[in-house]
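Working notes, beginning with the structure itself.
Within every chain, numbering begins at 1; the chains are lettered A, B, ... in the order of the sequence lines, protein sequences first and strands thereafter.
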There are 2 protein chains.
Amino acid sequence: MKVKELPENTLQRLIIYLRVLEYLEREKIDPISSEDLARRCGVNSAQLRKDLSFVGNLGTKGVGYSVKSLKYSLKKFLGRNHEWNLILGGINPLANFLLENSQLFKEGFNFMAVFDTRDEYIGKVYSGLSVYNLSQISYVVRNIRVDIGVITADETPELYLETFLREGIKAILNLSNVPLFSENEKIKIENFSFPFILTKLSYFLKLYEEK
Amino acid sequence: MKVKELPENTLQRLIIYLRVLEYLEREKIDPISSEDLARRCGVNSAQLRKDLSFVGNLGTKGVGYSVKSLKYSLKKFLGRNHEWNLILGGINPLANFLLENSQLFKEGFNFMAVFDTRDEYIGKVYSGLSVYNLSQISYVVRNIRVDIGVITADETPELYLETFLREGIKAILNLSNVPLFSENEKIKIENFSFPFILTKLSYFLKLYEEK
DNA sequence: TAACTACTGTGAAAGTTATCACTAAATGAA
DNA sequence: TTCATTTAGTGATAACTTTCACAGTAGTTA
């Protein structure tokens, strides 16, 4: 399998295009030219057309792109045309926010089970899901397909990672404060934290101060 | 060395290095070689050294890097050696999570004021901050320095953006579902949403399925 | 002191990505 | 029908990023 055929930056932009197309659909704007869509996505039109050429021949010369059908093509290409099953590791306010978030459910990301390592949380119910002991994960996920493991735990996130990978989970969203990596290219880990993204802004502001 | 503009990917990696260094400091690992640090950050050592060369000559040949002093240099370079003032637009569970999040405060990101456009929220108190009407923003921020505007609102995020920019705010974290952009290169907007990052994983999983 | 080892910093090469500039196709007007 | 206009798709090229490979330096040993 060639996981790397699509550049990472192209993937990120395709996701932006999809989200802007969803907005355009709500606004009943259709069709749209590469020039107009690119401007709304903060890129130039040649790049947008090149990016979309990875997905296929999706436009009509002289006209532009049908918002509805381009959105559909992108959803399919990105694997967003069906639902995905998630499990979550580590109860805390962020975990609670994610479990209660109806937007994720609407978009096809469904939490199936919740794990923790701390006795005082085991057995409690969050958003209709009982918290299981992480050490019991094999028994819990035996009969459900798990696509994505979400790590919210601040303490020992690497323990959750190891456990999830041992269970054969291939895709990890790590929301703890320590970035995690795997040498295995059959495993995909996305790291995110709010301080991380705010630091990108703080760097920009610091540059500004210096001028 | 010639002063070149810092590539976006280099910036992102520098932030990763910083967070891993913070972990190493807690683990009392010091000093560390580029080889070892790179492995823990999921990059190769030449890239790590090249990235750090944007910041300065920070290592000692034959020895490696002092964890403590490299951490300090990176914090300073990234503008994380002092505090930043934030305002927030749009009350919802995500806003509430951010306002209650002590980690952000510990890392030097302080929420100073909260805004909304819906009458039923104006005057309510969240995490010790009164919600003000967005249209009154000028009066509220007249006497405080605002560094970063955080948009959590799902409805009319572009109204919050316009208003924040009109107040002279240069750095925006947009957490709504619609990505926002500005032509003005003196403005920096970071877009993030959980469905966005989960879509990166869904694309990876879809490739797997097709194998 | 000199020889040896371990590691950084960096110029050059290799590899990758973005942009340009053109071709081709669809539309609409005369 | 023909012509002008608009816009997608793409090969070539420019720009940028990563990796290689080694010179140079700090520390260590004798």
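Under the ring-ring contact (aromatic ring centres under 6.0 Å, His included) criterion, A:Phe77 pairs with B:Tyr203, sequence neighbours left out. With sequence neighbours left out, A:Phe194 forms a ring-ring contact (aromatic ring centres under 6.0 Å, His included) with A:Phe192.
Rounded to an integer number of Å, the gap from CZ of A:Arg13 to C1' of C:dA18 is 8 Å. For B:Tyr17 and C:dT8, the OH to P distance is 13 Å, given to the nearest whole Å. For the pair B:Asn9 CG and C:dT17 P, the interatomic distance rounds to 10 Å; values are reported in whole Å.
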Donor-acceptor pairs under 3.5 Å, side chain of residues 88-96 of chain A to any protein atom, not counting sequence neighbours: which ones?
residue, atom, partner, partner atom, Å
A:Asn92, OD1, A:Leu94, N, 3.2
A:Asn92, OD1, A:Ala95, N, 2.9
A:Asn92, ND2, A:Thr152, O, 3.0

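Residue pairs meeting the ring-ring contact (aromatic ring centres under 6.0 Å, His included) criterion with at least one member in residues 22-73 of chain A, sequence neighbours excluded, do not occur.
Salt-bridge formation is not detected for the pair B:Asp30/B:Lys28: no Lys NZ or Arg NE/NH1/NH2 atom is positioned less than 4.0 Å from an Asp or Glu carboxylate oxygen.
Crowding of B:Glu8 atom CD: a count of heavy atoms from other residues, nucleotides or ligands under 6.0 Å exceeding 12.
Annotation for A:Ala46 and A:Asn44: closest pair N-OD1, 2.9 Å, computed over non-hydrogen atoms.
Counting only N and O atoms by type, the side chains of A:Asn85 and A:Asp147 include no donor and acceptor under 3.5 Å apart.
Non-hydrogen atoms lying under 4.0 Å from DNA chain C are contributed by A:Thr60, A:Lys61, A:Val63, all within residues 51-77 of chain A. Residues from residues 21-49 of chain A with heavy atoms under 4.0 angstrom of DNA chain C, sorted by number: A:Asn44, A:Ala46, A:Gln47, A:Arg49.
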